[in-house]
Every structure is written in structure tokens, then in C-alpha cells.
Amino acid sequence: MEQFHCLRCGNCCRWPGAVRVGEAEIDAIAAYLGIPLEQFLTEYTELLPDRTGLTLPEKPDGSCCFLEEGEPARCRIDPVKPVQCRRFPEHWNFPGWEEECAGGRALAAAEKQEAEIGSSAKTNATREA
């Protein structure tokens with residue numbers, strides 16, 4: 001099986017939903033942005049709906065506040081992005097992500113090609129026997 005490679009389409013960052021941030025992540029992001037911790041907390045975090053922690057806020061369209069559109073899309077805090085973001089799609093994803101994500105489509109195409117090559121090799125081996 002092939003391994004997932006991010007192609008920077010940004011679709012995972014456009015998917016609405018909470019991006020949990022912990023204390024160490026908050027400290028790292030604030031330092032990376034060069035702003036005081038209190039300013040970061042005020043401007044770049046919201047209380048989770050279940051009140052169990054903090055999340056990065058979404059833009060009105062549901063995308064992450066740190067997503068910078070373009071080709072390729074870019075995460076403004078990429079070197080210090082939250083663990084949740086770094087773990088896509090292996091540890092979390094969303095329904096249909098394989099079709100929405102450029103890396104997911106490439107992975108599916110590579111797996112399909114690998115399966116076709118395996119099937120072709122098996123057919124040829126059977127014919128030669």
C-alpha cells in the first residue's frame with residue numbers, strides 16, 4: 001500500500017469543525033506568530049461547544065482561520081500547526097475525504113494502479129503456467 005502525501009490542496013482545512021489546541025500548541029503558535037499569549041488567546045481561540053478546551057476559530061465559510069488560499073494552499077502556521085492537523089488523514093478524516101483531498105485522490109489512483117499491475121502480473125503468470 002502506498003503512503004499518503006499531502007499535495008497542499010487545503011481541503012482538510014476547509015472542512016468545518018473544531019481544531020482542538022492544547023497548552024503547548026497555544027504557546028508554540030503564539031511564539032511563532034510573534035504575539036503575546038493573551039493576544040493569541042483573545043484573537044485566535046474559542047471555547048469548544050462542550051466547554052472542555054479551546055479550538056481555533058473558523059472563517060465564515062467554515063475553513064480554518066490560518067488557511068491561506070492559493071495554489072498550493074498554505075497554512076500560515078505550518079511549522080507549528082496543531083497535532084490534529086498534522087495527523088490528517090491517518091488519525092482523523094471526514095466522510096468522502098478521499099474524493100475531496102488531492103492527496104487522497106493520488107493515493108487512490110496509486111493503489112488502483114498497483115492493484116492493476118498485480119492483477120496483470122497474476123494473469124500473465126497463469127498464462128505462462
Side-chain angles (χ1 to χ4, degrees):
M1 179 166 156
E2 297 288 323
Q3 187 174 15
F4 176 81
H5 295 285
C6 178
L7 298 178
R8 306 277 185 233
C9 68
N11 286 342
C12 58
C13 305
R14 291 183 191 94
W15 190 259
V19 176
R20 290 180 169 270
V21 285
E23 197 172 325
E25 293 169 322
I26 290 167
D27 291 340
I29 297 168
Y32 181 78
L33 294 173
I35 60 175
L37 182 59
E38 289 301 318
Q39 181 183 353
F40 177 78
L41 288 169
T42 302
E43 294 179 14
Y44 294 105
T45 65
E46 296 175 348
L47 188 61
L48 285 163
D50 64 6
R51 304 178 65 80
T52 61
L54 297 175
T55 180
L56 298 177
E58 296 177 345
K59 295 177 187 174
D61 66 0
S63 65
C64 178
C65 66
F66 290 110
L67 175 63
E68 293 182 346
E69 297 292 350
E71 290 294 326
R74 185 176 164 288
C75 174
R76 190 169 147 213
I77 59 169
D78 191 65
V80 294
K81 66 185 172 187
V83 169
Q84 178 178 329
C85 301
R86 283 186 267 134
R87 297 179 102 187
F88 179 86
E90 290 89 1
H91 297 277
W92 80 271
N93 53 56
F94 50 86
W97 75 271
E98 299 94 336
E99 292 83 35
E100 292 293 321
C101 171
R105 290 190 303 271
L107 179 62
E111 288 175 346
K112 181 180 178 185
Q113 183 179 20
E114 187 176 287
E116 289 172 353
I117 290 170
S119 176
S120 177
K122 187 176 180 181
T123 300
N124 288 339
T126 303
R127 285 182 187 157
E128 291 173 2

Partners passing ring-ring contact (aromatic ring centres under 6.0 Å, His included) against F94 (at least two apart in sequence or in another chain): W15, F88
If I take atom [atom1] from residue [X] and atom [atom2] from residue [Y], how far apart are they, to the nearest 0.5 angstrom?
{"X": "C12", "Y": "Q84", "atom1": "SG", "atom2": "CD", "value": "10.0 Å"}
{"X": "N11", "Y": "C6", "atom1": "CG", "atom2": "SG", "value": "10.0 Å"}
{"X": "E58", "Y": "L67", "atom1": "CD", "atom2": "CG", "value": "12.0 Å"}

Heavy-atom donor-acceptor pair, R51 side chain to L47 backbone, under 3.5 Å: no
Short side-chain to backbone donor-acceptor contact, R74 and F66, under 3.5 Å: no
[Y] and [X], any side-chain heavy atoms less than 4.5 Å apart:
{"X": "S63", "Y": "C13", "answer": "no"}
{"X": "L41", "Y": "I26", "answer": "yes"}
{"X": "R76", "Y": "L33", "answer": "yes"}
{"X": "I29", "Y": "Y44", "answer": "no"}
{"X": "L56", "Y": "C64", "answer": "yes"}

Check for me, please, whether [X] and [Y] land in the same ILVMFWY cluster - side-chain distances under 4.5 Å, paths through other members count.
{"X": "W97", "Y": "L7", "answer": "no"}
{"X": "L48", "Y": "F40", "answer": "no"}
{"X": "V21", "Y": "W92", "answer": "no"}

Please tabulate, for side-chain N and O atoms in residues 99-109, each donor-acceptor pair with protein atoms closer than 3.5 Å (sequence neighbours left out).
unit_1: R105; atom_1: NH1; unit_2: E99; atom_2: O; d: 2.7
unit_1: R105; atom_1: NH1; unit_2: E100; atom_2: O; d: 3.3

CD (E23) with more than 12 external heavy atoms under 6.0 Å: no
Smallest separation among heavy atoms of R86 and K81, with atom names: NE-O, 3.0 Å
Partner of V83 under side-chain contact (heavy atoms from CB on, under 4.5 Å), chosen from E25, R20, H91: E25
Test side-chain contact (heavy atoms from CB on, under 4.5 Å) applied to R8 and D78, step by step: CA-CA 11 Å; R8 306 277 185 233; D78 191 65; 4.0 Å; yes
Stepwise salt bridge (charged side-chain N to carboxylate O under 4.0 Å, His left out) test for K59 and E69: CA-CA 12 Å; K59 295 177 187 174; E69 297 292 350; 5.1 Å; no
